[in-house]
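Working notes for the structure below.
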Amino acid sequence: MNRRTLPALTALATATALLLTACGGESSGPDDKIPGAGESSAKASPSAGEEETGADAIDRPEMKFPKDVELEFNWEKPSGAEEAAVLGDTQEYLKAVIFGITEQDPESPAYKFYSVPSGSGAEYAKEQIESTVDAGYSVTGVQRFSAARVKLMKNSLASVTYCQNEDEFFNKEVGSGKTLKGDAKASNTFHFQIVLEEAKKIKGLWRVKAIEGSRGAVECAG
């Protein structure tokens with residue numbers, strides 16, 4: 001897989017700068033509308049007598065993928081409710097980035113819903129989508145995620161680290177449908193760290209504030 005030979009893979013910050021930036025003032029204001037909220041929902045309404053709470057009650061953007069695109073999350077749900085919500089919204093953010101590519105939409109409301117405006121999480125998502133679309137590509141295959149670790153921090157922040165494997169995830173030419181498998185010698189394994197911030201206006205929602213990635217990291221070897 002060589003989708004990330006596009007310029008977007010460059011690390012967006014050092015690990016130290018990532019955490020320091022996450023404590024800064026990138027948050028949306030109290031009156032800001034969260035993009036994608038209420039536009040469509042992938043969840044059915046609760047039946048009579050049921051009431052959803054927290055993360056389960058959020059009206060989320062709907063994301064449907066082509067049959068040839070699969071995202072495989074090989075990690076366990078944390079036992080703590082807050083940690084589970086953090087990891088769940090990390091997963092939705094990652095799905096939203098690929099959804100924007102398959103939809104060929106750098107302004108997709110899905111990734112905007114799951115990222116803090118003007119944060120590097122939103123910038124990274126748009127860059128990934130825009131650079132792929134501008135090159136005339138979409139994606140095909142299976143993208144795998146594993147080894148997730150969640151850490152709650154002060155000031156309504158949390159961090160998630162995880163591994164990402166793209167051995168079976170490829171560029172696909174939009175016009176011809178041809179799959180491009182790239183350089184077989186290049187590492188298709190990545191290690192990411194994400195910082196999320198709890199949304200102020202939607203209870204239970206965590207939004208990506210900052211992200212950093214590296215290719216061929218020892219943390220994901222084996």
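Sequential numbering from 1 along the given sequence is applied to the chain's residues.
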Do the side chains of [Y] and [X] get nearer than 4.5 Å, heavy atoms only?
| X | Y | answer |
| --- | --- | --- |
| Y162 | I194 | yes |
| V139 | I98 | yes |
| Q143 | Q164 | yes |
| F145 | E72 | no |
| E70 | F65 | no |

Rounded to the nearest 0.5 Å, how far does [atom2] of [Y] lie from [atom1] of [X]?
| X | Y | atom1 | atom2 | value |
| --- | --- | --- | --- | --- |
| M153 | S159 | CE | OG | 5.0 Å |
| Q91 | Y114 | CD | OH | 10.0 Å |
| S115 | L196 | OG | CG | 10.0 Å |
| L205 | E92 | CG | CD | 10.0 Å |
| E168 | T140 | CD | OG1 | 11.0 Å |
| S146 | E76 | OG | CD | 12.0 Å |

Taking [Y]'s backbone N and O only, do any of them form a donor-acceptor pair with [X]'s side chain (distance below 3.5 Å, no angle check)?
| X | Y | answer |
| --- | --- | --- |
| R144 | C163 | no |
| Y93 | G121 | yes |
| E130 | E127 | no |

Which heavy atom of [X] sits nearest a heavy atom of [Y], and at what distance?
| X | Y | value |
| --- | --- | --- |
| V69 | L71 | CG1-CD1, 3.9 Å |
| S120 | I211 | OG-N, 3.2 Å |
| G100 | I129 | O-CG2, 3.5 Å |
| G216 | S187 | CA-OG, 3.4 Å |
| F99 | A110 | CD2-CB, 3.9 Å |
| C220 | T189 | CB-CG2, 3.3 Å |

Start with the C-alpha gap between N171 and T179, add the side-chain angles, then the distance that decides, and say whether side chain to side chain contact (heavy atoms under 4.5 Å, CB included) holds.
CA-CA 6 Å; N171 288 326; T179 297; over 6 Å; no
Could you walk me through whether E103 and S108 pass the side chain to side chain contact (heavy atoms under 4.5 Å, CB included) test, one step at a time?
CA-CA 8 Å; E103 292 292 297; S108 170; 5.8 Å; no
Report the residues that fulfil salt bridge (charged side-chain N to carboxylate O under 4.0 Å, His left out) with D68, sequence neighbours left out, ordered by chain and then residue number.
K172
Holding to side chain to side chain contact (heavy atoms under 4.5 Å, CB included), I want the full list of residues that pass it with E82, two or more places apart in sequence or in another chain.
L152, E198, W206
Can E173 and S176 be said to form a side chain to side chain donor-acceptor pair (under 3.5 Å), step by step?
CA-CA 6 Å; E173 291 181 349; S176 67; 2.6 Å; yes
Passing candidate, salt bridge (Lys or Arg N to Asp or Glu O under 4.0 Å) with D89, options R207, K95, R60, K209:
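Passing option: R60.
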Between E107 and K112, does any side-chain N to carboxylate O distance fall below 4.0 Å?
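A salt bridge is present here (some side-chain N lies under 4.0 Å from a carboxylate O).
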What about W75 and F190, same hydrophobic cluster or not, with Ile/Leu/Val/Met/Phe/Trp/Tyr joined at side-chain heavy-atom distances under 4.5 Å?
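Yes; F190 is reachable from W75 via cluster members.
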Let's go through F192 and L94 carefully: what are the C-alpha distance in whole Å and the side-chain angles of both, what is the deciding distance for side chain to side chain contact (heavy atoms under 4.5 Å, CB included) to 0.1 Å, and is it a yes or a no?
CA-CA 11 Å; F192 280 90; L94 297 172; over 6 Å; no
Set out, in order, the CA-CA distance, both residues' side-chain angles and the distance that settles side chain to side chain contact (heavy atoms under 4.5 Å, CB included) for V160 and V86, then state yes or no.
CA-CA 8 Å; V160 176; V86 169; 3.6 Å; yes
